[in-house]
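Here is the structure we will look at, set down as structure tokens.
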Amino acid sequence: MGYNHAYNAYKNTDIRTASQGHLIVLLYEGAVRQLSIASELFDADGKVKAPDIEKYSICLQKTQAIITELQVSLDMDKGGEIAKNLMSLYIYFNSELMAASINQNKQKVDFVRTMMSQLADSWRQIANSTANAPASNMSSSLNIEG
């Protein structure tokens, strides 16, 4: 129990002291983690077993919540074409995940996971640039851990 408490305290400090770019990366990483878990729940026949359906749904719901958080973080006024393109992608991802949830479609889950992973890599490069300032006054109630 002590280890989990210490880890959670560390993670909370990491989030509170992270730059905006690093927070975006953490959101992407959380989404990729949830989609990886969801993808692993498929059996050889391409279906999610009955006992795992709730876990599968929860993973997709958490991912959709993360995507929604990414959507609301977009500055449509200052972001220009990039913000518009990201918004379109996020809407598309949520649509694909809704279909994946209804139809238990592993290909859609894996596609969104791959795209989110690529976006995470891009944001990681941005977050590592010197142009990022700490976002110490930012807070989020979103649980990206799972």
Side-chain angles (χ1 to χ4, degrees), residues 3-43 46-49 51-129 131-146:
Y3 172 77
N4 285 337
H5 181 68
Y7 175 77
N8 288 335
Y10 166 78
K11 200 67 173 157
N12 286 335
T13 300
D14 186 39
I15 290 170
R16 280 195 301 274
T17 60
S19 68
Q20 288 180 334
H22 185 65
L23 289 173
I24 299 295
V25 171
L26 290 173
L27 287 169
Y28 279 114
E29 288 173 349
V32 170
R33 186 172 36 258
Q34 292 300 320
L35 292 171
S36 293
I37 294 168
S39 184
E40 290 171 3
L41 295 173
F42 283 89
D43 62 16
K47 293 293 178 192
V48 177
K49 296 178 194 141
D52 293 329
I53 290 175
E54 182 178 9
K55 185 175 183 180
Y56 174 75
S57 294
I58 290 170
C59 288
L60 295 186
Q61 289 169 6
K62 286 181 179 182
T63 303
Q64 288 177 303
I66 291 169
I67 292 170
T68 299
E69 186 72 18
L70 290 165
Q71 284 178 289
V72 300
S73 73
L74 290 173
D75 187 335
M76 300 306 287
D77 295 328
K78 293 179 185 173
E81 197 64 31
I82 292 173
K84 289 177 188 174
N85 290 339
L86 284 171
M87 179 63 80
S88 294
L89 272 176
Y90 297 152
I91 291 168
Y92 178 69
F93 291 163
N94 268 332
S95 174
E96 290 292 281
L97 292 176
M98 179 67 74
S101 178
I102 293 168
N103 301 318
Q104 292 186 7
N105 188 318
K106 185 178 189 313
Q107 288 76 25
K108 289 184 184 290
V109 171
D110 290 341
F111 170 76
V112 174
R113 182 186 64 198
T114 299
M115 295 299 294
M116 295 290 282
S117 181
Q118 290 174 2
L119 286 167
D121 290 341
S122 297
W123 276 101
R124 202 171 286 111
Q125 290 177 358
I126 293 167
N128 289 333
S129 74
N132 265 322
S136 58
N137 61 346
M138 293 183 63
S139 66
S140 176
S141 60
L142 185 61
N143 177 1
I144 61 173
E145 281 306 304

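Heavy atoms only: backbone and side chains are in, while hydrogens, waters and symmetry mates are out. Every value quoted in this text rests on a predicted model; they were computed, and no experiment measured them.
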query = Does the Asp43 side chain pair with the main chain of Lys47, one donor and one acceptor, at a distance under 3.5 Å?
reply = yes

inquiry  = Checking the side chain of Ser73 only, and the main-chain atoms of Leu70 only, is there a donor and an acceptor separated by less than 3.5 Å?
reply    = yes

key: Contact check, side chains of Ile91 and Met87, non-hydrogen atoms, under 4.5 Å   = yes

remark   = So CG of Leu27 and CE of Met116: to nearest 0.5 Å the spacing works out to 8.5 Å

key: Trace of the side chain to side chain contact (heavy atoms under 4.5 Å, CB included) decision for Leu35 with Leu97   = CA-CA 10 Å; Leu35 292 171; Leu97 292 176; 3.7 Å; yes

message = side chain to side chain contact (heavy atoms under 4.5 Å, CB included) for Asn85 and Glu81? Distances and angles first, verdict last.
response = CA-CA 6 Å; Asn85 290 339; Glu81 197 64 31; 3.7 Å; yes

ask   = How long is the gap from CD1 on Ile67 to OG on Ser95, to the nearest 0.5 Å?
value = 10.5 Å

key: Distance (rounded to the nearest 0.5 Å) between Asp110 CG and Asn105 CG   = 9.0 Å

Full working for side chain to side chain contact (heavy atoms under 4.5 Å, CB included) between Tyr90 and Ile66 = CA-CA 10 Å; Tyr90 297 152; Ile66 291 169; over 6 Å; no

query = Sub-3.5 Å donor-acceptor pair from the side chain of Asp52 to the main-chain atoms of Lys55, do we have one?
reply = no

remark   = Distance col, row Met115:CE vs Phe93:CZ, nearest 0.5 angstrom, shows 4.5 Å

key: Electrostatic pair Asp121:Arg124 at N-O distance under 4.0 angstrom   = yes

ask   = Any chance CD1 of Ile82 has more than 12 other-residue heavy atoms, nucleotides or ligands included, within less than 6.0 Å?
value = no

ask   = Minimum heavy-atom separation for Val109 to Ala38, with atom names?
value = CG1-CB, 4.3 Å

key: Smallest separation among heavy atoms of Tyr28 and Ala120, with atom names   = CB-CB, 3.5 Å

key: Donor-acceptor pair, side chain of Gln104 and main chain of Val48, under 3.5 angstrom   = yes

message = Within the 4.5 Å heavy-atom criterion, are Ile126 and Val25 side-chain neighbours or not?
response = no

query = Could you go step by step and tell me if Gln61 and Gln34 meet the side chain to side chain contact (heavy atoms under 4.5 Å, CB included) rule?
reply = CA-CA 9 Å; Gln61 289 169 6; Gln34 292 300 320; over 6 Å; no

ask   = How long is the span from the OG atom in Ser36 to the CD atom in Glu29, to the nearest 0.5 Å?
value = 11.5 Å

query = To the nearest 0.5 Å, how far apart are NZ in Lys108 and CG in Asn103?
reply = 8.0 Å

